[in-house]
Number of protein chains: 2
Amino acid sequence: MQVEPWSPPPVLLTVDLVILTLRRGRMCILLVERGEDPFQGRLALPGGFLNHAGEEILDAAHRELSEETALTAGWVHLEQLATYGDAGRDPRGRVVSVAHLAIAPRLPEPVAGTDAADAAWVPAEAVLSGEAELAFDHLRIVRDGIERARTKLEFSALATAFCGELFTIVELQQVYEAVWGTELDTRNFYRKVQAVKGFIVPAGSERRSTGGRPARLYRAGPQTALFPPLIRPVPPTAEENTREEGD
Amino acid sequence: MQVEPWSPPPVLLTVDLVILTLRRGRMCILLVERGEDPFQGRLALPGGFLNHAGEEILDAAHRELSEETALTAGWVHLEQLATYGDAGRDPRGRVVSVAHLAIAPRLPEPVAGTDAADAAWVPAEAVLSGEAELAFDHLRIVRDGIERARTKLEFSALATAFCGELFTIVELQQVYEAVWGTELDTRNFYRKVQAVKGFIVPAGSERRSTGGRPARLYRAGPQTALFPPLIRPVPPTAEENTREEGD
DNA sequence: ACAAAAGTGTTAATACTACACCCATGC
DNA sequence: GCATGGGTGTAGTATTAACACTTTTGT
């Protein structure tokens, strides 16, 4: 049927970043205010087009990450999340975005005056609840990214990416509590993480705090897969609650 | 720095498919023999370019799936896997592929004479071990796809996608055994899957086999997330074995 | 009756939760 | 000493794995 030479339709490729960090015990996400159309003035994920035809996708993600956060690469976790290419998602034409998930230890206030007109850490909760209206299909990407982070905390050592090089077990617990939005028992958490071989390794020294026994310091271990996993507690559902009464 | 109007570099977008099914108790993957350069004659994943600039990515994946398998869509699971865009992966230029994972009940022999010069079900094990040399970076995509399938079997109801509309519990178990490459205890598996509410629901009737007690038939239930999950057994490592002797 | 496949009961080991309790430091 | 936060012990409970056992069919 296709006789004359046919060439496939080209598309424009962007990378978008869901950058998560912890600030004052809450999980926050970096959003920028768009300086130009479309969606001028709206909040959006950091990101942009490939620089040149030969640029690797992962390199482009790293580039956007350092442009936005002035981050010394190496201490940041970066992985591909998913690809979003709905035909109508960008009014400029067929733009396909490869979204990435980045996790970093507490970062400085965003650097205004660079590429992004304005950048800010926004509590993840506020974004998920719809308080902030995002450009494009970025709300969906944020939802997928946060869900990915929550799940990976259960089965991988991703939580250490939220901490600096050295951290205490309680600090690690606060990561889990902030990302999951739950409270955990300090004592049980303490033993669970130590039961997973290679998750965290003692760093020898201790950290003094505002009074109280000093905490031992740890650093991330070689293990990336957690076994046994740290299962996220499920808030009891209404059905389960009514069960006991009914019987 | 960028004064004159700049336009982002366009790329070509393809979809590739990792199609898995069960044949004679083994997990197999559909591969086609490439009829043209590059990699003419090599085995590759089914896939192709977008048809036109407005075609949705998921639609393109569905189109390639039905071209290759003559599948009555609806009884097949299809999800996005990941995006592969290394600059050097395709000698024709900058080609970015959005890979998808498809799971289907036992399919008929592949239909030759259509788009693909030749298509065949190849045991997944043979591909993973490197017996078959694949074109492009398709081996990596296959590895990622199979790993995704193995993991999703633990936490989602994906296994039912390998079965027809009606199936017995033992048939479901054979899916797990084939995909994971392990053996499971029939009796414990029986109760585990029934303990997950909404995973499988009784279909009422029974199936007669070649002698022995008839098995009850089930169909896939509404639940997509499995709780509690069916954890994949880990073959004991050498370290764990030497531990007992050494101490 | 016997073989084969489906389905049930039981038990020992394991893992998890909740909480009492002890330890080390600053003030 | 005592408040504060770090770390340990333990008992009751839920899950799990292993396997003996019963049920229902075809031949």
Side-chain angles (χ1 to χ4, degrees), chain A residues 25 153-155 163 166-177 180 182-197 199-219 226-237 240-241 243-244 247, chain B residues 25 154-155 163 166-177 180 182-197 199-219 226-236 240 243-244:
Chain A
L153 244 55
E154 298 188 87
F155 304 100
C163 302
L166 298 178
F167 50 88
T168 68
I169 291 189
V170 173
E171 282 168 1
L172 191 65
Q173 177 182 344
Q174 286 161 354
V175 171
Y176 277 87
E177 291 182 331
W180 284 348
T182 60
E183 296 204 340
L184 302 173
D185 184 292
T186 317
R187 291 75 60 93
N188 292 335
F189 183 85
Y190 188 89
R191 276 168 297 193
K192 270 189 182 177
V193 294
Q194 294 199 115
V196 182
K197 290 200 226 316
F199 182 13
I200 57 173
V201 296
S205 49
E206 296 181 337
R207 172 174 296 170
R208 272 134 241 280
S209 51
T210 67
R213 179 171 172 174
R216 294 198 263 259
L217 286 173
Y218 294 81
R219 68 180 78 243
L226 262 41
F227 192 85
L230 294 165
I231 301 296
R232 167 169 30 158
V234 261
T237 64
E240 280 167 348
N241 286 342
R243 255 293 171 87
E244 298 183 4
D247 196 300
Chain B
E154 299 187 86
F155 304 102
C163 303
L166 298 178
F167 52 87
T168 69
I169 291 187
V170 173
E171 284 168 0
L172 191 65
Q173 177 182 344
Q174 286 161 353
V175 171
Y176 277 87
E177 291 182 330
W180 284 349
T182 59
E183 296 204 339
L184 301 173
D185 184 290
T186 318
R187 290 77 56 93
N188 291 335
F189 183 85
Y190 188 88
R191 275 168 298 193
K192 269 189 182 176
V193 294
Q194 293 200 112
V196 183
K197 292 202 226 316
F199 182 15
I200 57 173
V201 296
S205 51
E206 295 181 339
R207 171 174 296 169
R208 269 131 245 284
S209 51
T210 65
R213 178 171 174 173
R216 296 198 262 261
L217 286 172
Y218 294 82
R219 68 179 79 244
L226 262 41
F227 192 86
L230 294 165
I231 301 296
R232 162 168 36 155
V234 262
E240 280 167 346
R243 252 299 169 85
E244 297 183 3

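Chain naming here is simple, since letters A, B, ... match the order of the sequence lines and numbering starts at 1 in each. Predicted, not measured: the structure shown is a model, and the values here were computed from it.
- Between I231(B) and F155(B) the shortest side-chain heavy-atom distance falls below 4.5 Å.
- dG9(C) atom C1' lies 13 Å from atom CG of D185(B), rounded to whole Å.
- Tested against N188(B), the residues T186(B), L184(B), D185(B) include a single side chain to side chain contact (heavy atoms under 4.5 Å, CB included) partner, D185(B).
- Look at CZ on F189(B): it is 18 Å from P on dA5(C), rounded to the nearest Å.
- Between E154(A) and W180(A), the closest heavy-atom pair is CG-CZ2, 3.5 Å.
- At whole-Å resolution of the value, CD1 in I200(B) and C1' in dG7(C) are 13 Å apart.
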Contact pattern, 5' to 3', of nucleotides 6-17 of chain D - B, S or - by protein heavy atom under 4.0 Å: BBBBB------B
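- The line from CD1 of I200(B) to CG of L217(B) is 11.0 Å long, rounded to the nearest 0.5 Å.
- Taking atom CG of residue L172(B) and atom P of nucleotide dA6(C), one finds them 13 Å apart after rounding to whole Å.
- Under the ring pair (Phe, Tyr, Trp, His ring centres under 6.0 Å) criterion, Y218(A) pairs with no residue, sequence neighbours left out.
- For the ring pair (Phe, Tyr, Trp, His ring centres under 6.0 Å) test, no residue two or more places apart in sequence or in another chain qualifies with Y190(B).
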